[in-house]
Amino acid sequence: MSLPVLIPVNRLDRAKGRLAPLLTEAEREELSLITLETVAHAAGAAAVILTADPRVRERMAGRYRVLEEDPAAEGLNAQLEAAIARLRADGTVADRLLILHADLPLVRAWTIETLDAEDPGPGSAVLVRSADGGTNAMLLHPPGRFPLAYGPGSFERHAAAARAAGMQVIESDNRELKLDLDTPADVAELLRTARGQQTAAGHYLLAIGADRRLAEARA
């Protein structure tokens with residue numbers, strides 16, 4: 001895959017706090033690693049993992065490029081912009097970049113290929129909106145034309161900033177990229193279908209009884 005894919009990964013001990021009502025800290029950390037494996041495998045040799053977590057580095061080392069977070073950068077947006085600058089400087093990123101979250105359990109290689117095919121050309125941004133209004137995926141052609149604004153409600157901020165920068169904005173309806181695993185409702189949505197149950201995350205969640213816990217919470 002020629003499209004570089006930048007995958008930011010939070011420190012595992014800070015990951016998935018909104019799943020605390022459903023999963024223990026250890027389970028949340030393991031789920032984070034499982035979905036990261038899924039996303040990185042889909043991106044293949046194009047994957048660049050951005051992290052400050054030593055367990056993530058150890059898990060990914062030797063298979064994917066791992067980029068250390070910049071200790072001088074504060075917050076996800078600054079970290080991503082610093083990483084993009086480094087990737088442009090070393091030639092990894094030229095005119096296009098896909099920023100992809102690490103908690104997307106349905107992603108496969110063809111998912112990224114489908115999104116790539118939606119790129120209309122230079123001066124564009126293809127965005128995927130999460131259920132809660134975040135930005136699960138963002139294909140920038142080129143990157144660096146507007147400031148990143150990840151956080152609650154980021155989809156609308158990214159779309160507005162891209163348009164203000166003169167870019168064409170495409171909202172992708174890519175279903176595999178819409179579902180992230182931030183909340184118990186997201187887990188329930190994944191486990192609702194046979195396809196979701198058959199993913200690596202689905203297998204793990206069923207093995208630890210997440211479906212049973214969800215049913216008990218609804219009772």
Side-chain angles (χ1 to χ4, degrees), residues 4-43 46-61 63-87 97-107 112 127-138 140 143 147-155 157-158 176-187 189-190 199-202 204-205 208 210:
V5 182
L6 181 58
I7 307 168
V9 185
N10 201 357
R11 296 188 72 94
L12 294 177
D13 58 3
R14 302 175 188 169
K16 300 296 153 201
R18 286 188 283 171
L19 286 175
L22 181 67
L23 305 178
T24 68
E25 182 177 350
E27 289 167 346
R28 297 195 304 273
E29 292 177 1
E30 184 60 24
L31 179 63
S32 296
L33 287 169
I34 288 169
T35 57
L36 170 59
E37 291 270 11
T38 295
V39 174
H41 181 73
V48 180
I49 315 296
L50 175 64
T51 190
D53 193 290
R55 285 175 293 172
V56 172
R57 290 197 301 269
E58 182 179 355
R59 185 94 159 225
M60 299 289 107
R63 294 180 295 151
Y64 306 102
R65 181 176 177 185
V66 178
L67 200 62
E68 290 278 353
E69 287 191 359
D70 183 345
E74 295 268 342
L76 175 60
N77 295 306
Q79 287 293 346
L80 282 167
E81 289 176 353
I84 292 168
R86 281 182 279 169
L87 294 173
L97 174 69
L98 173 60
I99 303 174
L100 198 59
H101 280 347
D103 62 346
L104 308 177
L106 298 174
V107 176
I112 298 175
L127 312 181
V128 178
R129 185 197 305 256
S130 68
D132 63 358
T135 314
N136 279 352
M138 184 157 52
L140 300 172
L148 300 180
Y150 284 98
S154 69
F155 180 90
R157 289 196 301 277
H158 283 140
E176 288 85 1
L177 293 170
K178 282 181 172 292
L179 180 64
D180 53 21
L181 294 181
D182 277 336
T183 68
D186 297 329
V187 171
E189 178 61 23
L190 178 70
T199 62
Y204 175 69
L205 289 163
I208 63 174

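Remember, it's a predicted structure, so these values are computed and weren't measured experimentally.
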Next item on the list: On the 0 to 90° scale, with breaks at 30° and 60°, tag the H158-Y150 ring pair as parallel, tilted or perpendicular.
Entry: perpendicular
Margin query: Show, in sequence, the C-alpha distance, side-chain angles and deciding distance for V9 and D53, and conclude whether the side-chain contact (heavy atoms from CB on, under 4.5 Å) test is met.
Written below: CA-CA 8 Å; V9 185; D53 193 290; 6.0 Å; no
Checklist line | Salt-bridge contact E69-R11 (side-chain N to carboxylate O under 4.0 Å) | finding: no
Next item on the list: Take L67 and R86, measure what side-chain contact (heavy atoms from CB on, under 4.5 Å) needs, and give me the verdict at the end.
Entry: CA-CA 9 Å; L67 200 62; R86 281 182 279 169; 3.8 Å; yes
Note to self: Please evaluate residues E176 and L104 with respect to the criterion side-chain contact (heavy atoms from CB on, under 4.5 Å), reporting the C-alpha separation (whole Å), side-chain torsions for both, the decisive distance (0.1 Å), and the verdict.
What the structure shows: CA-CA 8 Å; E176 288 85 1; L104 308 177; over 6 Å; no
Margin query: To the closest 0.5 Å, what do you measure between CZ (R129) and OG (S154)?
Written below: 10.0 Å
Note to self: I need the E30 CD to L23 CG distance, nearest 0.5 Å.
What the structure shows: 11.5 Å
Margin query: If I compare all heavy atoms of D182 with all of D186, which pair ends up nearest, and what's the gap?
Written below: N-OD2, 2.9 Å
Check: Which value, rounded to the nearest 0.5 Å, describes the distance between R59 atom CZ and Y64 atom OH?
Finding: 11.0 Å
Item checked: Distance-minimising heavy-atom pair for I34 and A201 -> CG2-N, 3.7 Å
Next item on the list: For the pair T199 and T38, evaluate side-chain contact (heavy atoms from CB on, under 4.5 Å) and give the outcome as yes or no after the intermediate values.
Entry: CA-CA 9 Å; T199 62; T38 295; over 6 Å; no
Check: Taking atom CG of L181 and atom CG of L22, what is their separation to the nearest 0.5 Å?
Finding: 10.5 Å
Check: Side-chain contact, heavy-atom cut-off 4.5 Å: I208 with T24?
Finding: no
Next item on the list: For R18 and T183, indicate whether the former's side chain and the latter's backbone hold a donor-acceptor pair under 3.5 Å.
Entry: no
Checklist line | Matching residue for T51 among I7, V66, L12 - test: side-chain contact (heavy atoms from CB on, under 4.5 Å) | finding: V66
Margin query: So which atom in L97 and which in P143 form the shortest heavy-atom distance, rounded to 0.1 Å?
Written below: CB-CG, 4.1 Å
Check: Taking all non-hydrogen atoms of both residues, which atom of L106 and which atom of L179 are closest, and how far apart?
Finding: CD1-CD2, 4.0 Å
Check: If every non-hydrogen atom of A47 is compared with every non-hydrogen atom of A43, which pair is closest and at what distance?
Finding: CB-CB, 3.7 Å
Next item on the list: Output yes when a side-chain donor or acceptor of R157 lies under 3.5 Å from a complementary backbone atom of A149, and no otherwise.
Entry: yes
Next item on the list: Quick one: pull up OG1 in T35 and NE2 in H101 and give me the separation to the nearest 0.5 Å.
Entry: 11.5 Å
Note to self: Within this structure, what is the CG-CG distance for the pair L98 and L177, rounded to the nearest 0.5 Å?
What the structure shows: 8.0 Å
Check: Counting only N and O atoms by type, is there a donor-acceptor contact under 3.5 Å from the side chain of R63 to the main-chain atoms of H41?
Finding: no
Notebook entry, point to check: Hey, does the side chain of N136 reach the backbone of K178 with a donor-acceptor pair shorter than 3.5 angstrom?
Noted result: yes
Next item on the list: Might you point out which heavy atoms bring A102 and P8 nearest each other, and give the distance in Å?
Entry: CB-O, 3.8 Å
Check: Is there a side-chain contact between T135 and I99 (heavy atoms, below 4.5 Å)?
Finding: no
